[in-house]
Protein chains: 2
Amino acid sequence: MSTLAQNKADLERASTAQKVADMLRERVLLGELEPGLRLSEEAIGGALGVSRNTLREAFRLLTRDRILVHEHSRGVFVRRPTGEDVRDLYAARRVIECGALRLWNDVSDAQREAVRAPVRQAVARAEKNDFSRTGSANIQFHRGIVGLAGSARLSDESDRLFAELMLAFRVAHEVEAFHQTYLPWNRKIVELLNNGTVEQAVQQLDEYFDAAEQDLVSRLVAD
Amino acid sequence: MSTLAQNKADLERASTAQKVADMLRERVLLGELEPGLRLSEEAIGGALGVSRNTLREAFRLLTRDRILVHEHSRGVFVRRPTGEDVRDLYAARRVIECGALRLWNDVSDAQREAVRAPVRQAVARAEKNDFSRTGSANIQFHRGIVGLAGSARLSDESDRLFAELMLAFRVAHEVEAFHQTYLPWNRKIVELLNNGTVEQAVQQLDEYFDAAEQDLVSRLVAD
DNA sequence: GATTGTGGGATTGTTGAACGATTCTACGAT
DNA sequence: ATCGTAGAATCGTTCAACAATCCCACAATC
């Protein structure tokens, strides 16, 4: 009975701070609040009609998700990933996603399908010259890869990681267009997986990370 | 100039909430506050002489670290890991640590030494029948393995992971004695690494995880 | 006897105001 | 141009209050 679980999730969403945090997260990820911007407690709190204490609680939630950074007595800012952040990001992705991909032969069909499907969709869209959601398709592909590990905490951590990566894309002024470059890579990886050559797929993924990291770092504007 | 960086870290530690959180974390990890216990805002805040708002901020910090769990309108509780939590914990460790260990030949000597040293110390202590800090030595070993990845975010996430594991040990009524069983395994892994047979070391680590997970889950008392 | 209302009491969620501490800004001195 | 300083703006923390929610015990019902 999935409806009950869904209802429970809705009920738990009662917290005001949670709602404020969700709204702010969306605003940041959509680019309405750009990296480096300072979020004034008074201004935001006043505009949203919540008290400072509640707003600060929302800030804390987003700080945990690395969406915001907190500087003592200075306030909170939209995170602005540096080159070093991107390097760290990809070092983590290499370990997590390559490690997860190596489990390909040990996981359920549903898990494998979660990797294949996003690429299939992206290919279908690309053939119709529809590049609208190519970015989220790419992320879905990698989210599927992480899912092979079968660890909720790892998937959650990866979601935070992808969110931070989005911020880096924004700093690099590359949001949607950026991803579609890597569709051929994803196709190749799935192809290698279907052929049963898992280790080659892992190597391909590793090379993808090399290219993506270098590309992103080079486009990162210092300020 | 490491002293400057250290001073900076000290200065940034000014926040009251941070200090309260550190104190509570230590209390929990030392076992003075056992898993499942509810932490009353009034009681704790009164005892520590901080306001409810500040205490709630400390609670948020510890919730992010998975030390505490927050239930809406019910309060915060010391996390009490379930069997499913432990399973998830080890699924994550398998991917992260095995993936990191495979980088053995690509990392600096200092990073490799951070893996070897804890085992050497543990062996030296064991030969003197000193099993005092065998638990932290084991954790240092695995922390070193994660460090091979060279990602601060991965190391941080692993620290949170180890903290949660500590809580699981406590639920299983196995804190210090638990670890020393696995010293031989660690020795074997380092030995295989020194022989240059990295892939065998990874396999050995994987088997260690199987054994440790099974052992811990079986000792976990339901309630 | 087991289940289902129904209170009151305790605790959390949220707000608003207040004040000291820290940072930022702009202006003027050297 | 650099430095120092005063004032403004903002953050950190506390306090008090009230609404919302949960918990527990007791009564009502079948």
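As the structure is a computational prediction, the values presented were derived from the model and not from experiment. A, B, ... follow the sequence lines: proteins, then strands. Residue 1 opens every chain.
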When the distance from [atom1] of [X] to [atom2] of [N] is rounded to whole Å, what number comes out?
X	N	atom1	atom2	result
Glu41(A)	dC11(D)	CD	P	5 Å
Phe59(B)	dT11(C)	CZ	C1'	12 Å
Glu71(A)	dG12(D)	CD	P	11 Å
Glu42(A)	dG16(C)	CD	P	13 Å
Lys19(A)	dT15(C)	NZ	P	10 Å
Leu55(A)	dG13(C)	CG	C1'	15 Å

Hey, could you give me the SG/CG distance between Cys98(A) and Leu103(A), rounded to the nearest 0.5 Å?
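Those atoms lie 11.5 Å apart.
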Side chain Arg79(A), main chain Arg66(A), donor-acceptor under 3.5 Å
yes
Could you check whether atom CD of Glu26(B) has more than 12 heavy atoms from other residues, nucleotides or ligands sitting under 6.0 Å from it?
no
Can you tell me if CD on Glu113(A) sees more than 12 non-hydrogen neighbours from other groups inside 6.0 Å?
yes
Looking only at side-chain atoms of Arg56(A), point me to the closest of dC22(D), dT14(C), dG12(D).
dG12(D)
So does Glu213(B) pair up with Arg94(B), basic N to acidic O under 4.0 Å?
yes
Look at Thr54(B) and dT13(D) and indicate whether a side-chain polar atom (N or O) is within less than 4.0 Å of OP1 or OP2.
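The answer is no; no side-chain N or O of Thr54(B) sits under 4.0 Å from OP1 or OP2.
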Output a table of nitrogen or oxygen pairs between the protein and nucleotides 15-19 of chain D separated by less than 3.5 Å.
from, atom 1, to, atom 2, distance (Å)
dC15(D), N4, Asn53(B), ND2, 2.6
dA17(D), N6, Arg52(B), NH1, 3.4

Parallel, tilted or perpendicular: which one describes the rings of Phe162(B) and His142(B), with boundaries at 30° and 60°?
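The rings of Phe162(B) and His142(B) sit tilted, inter-plane angle from 30° to 60°.
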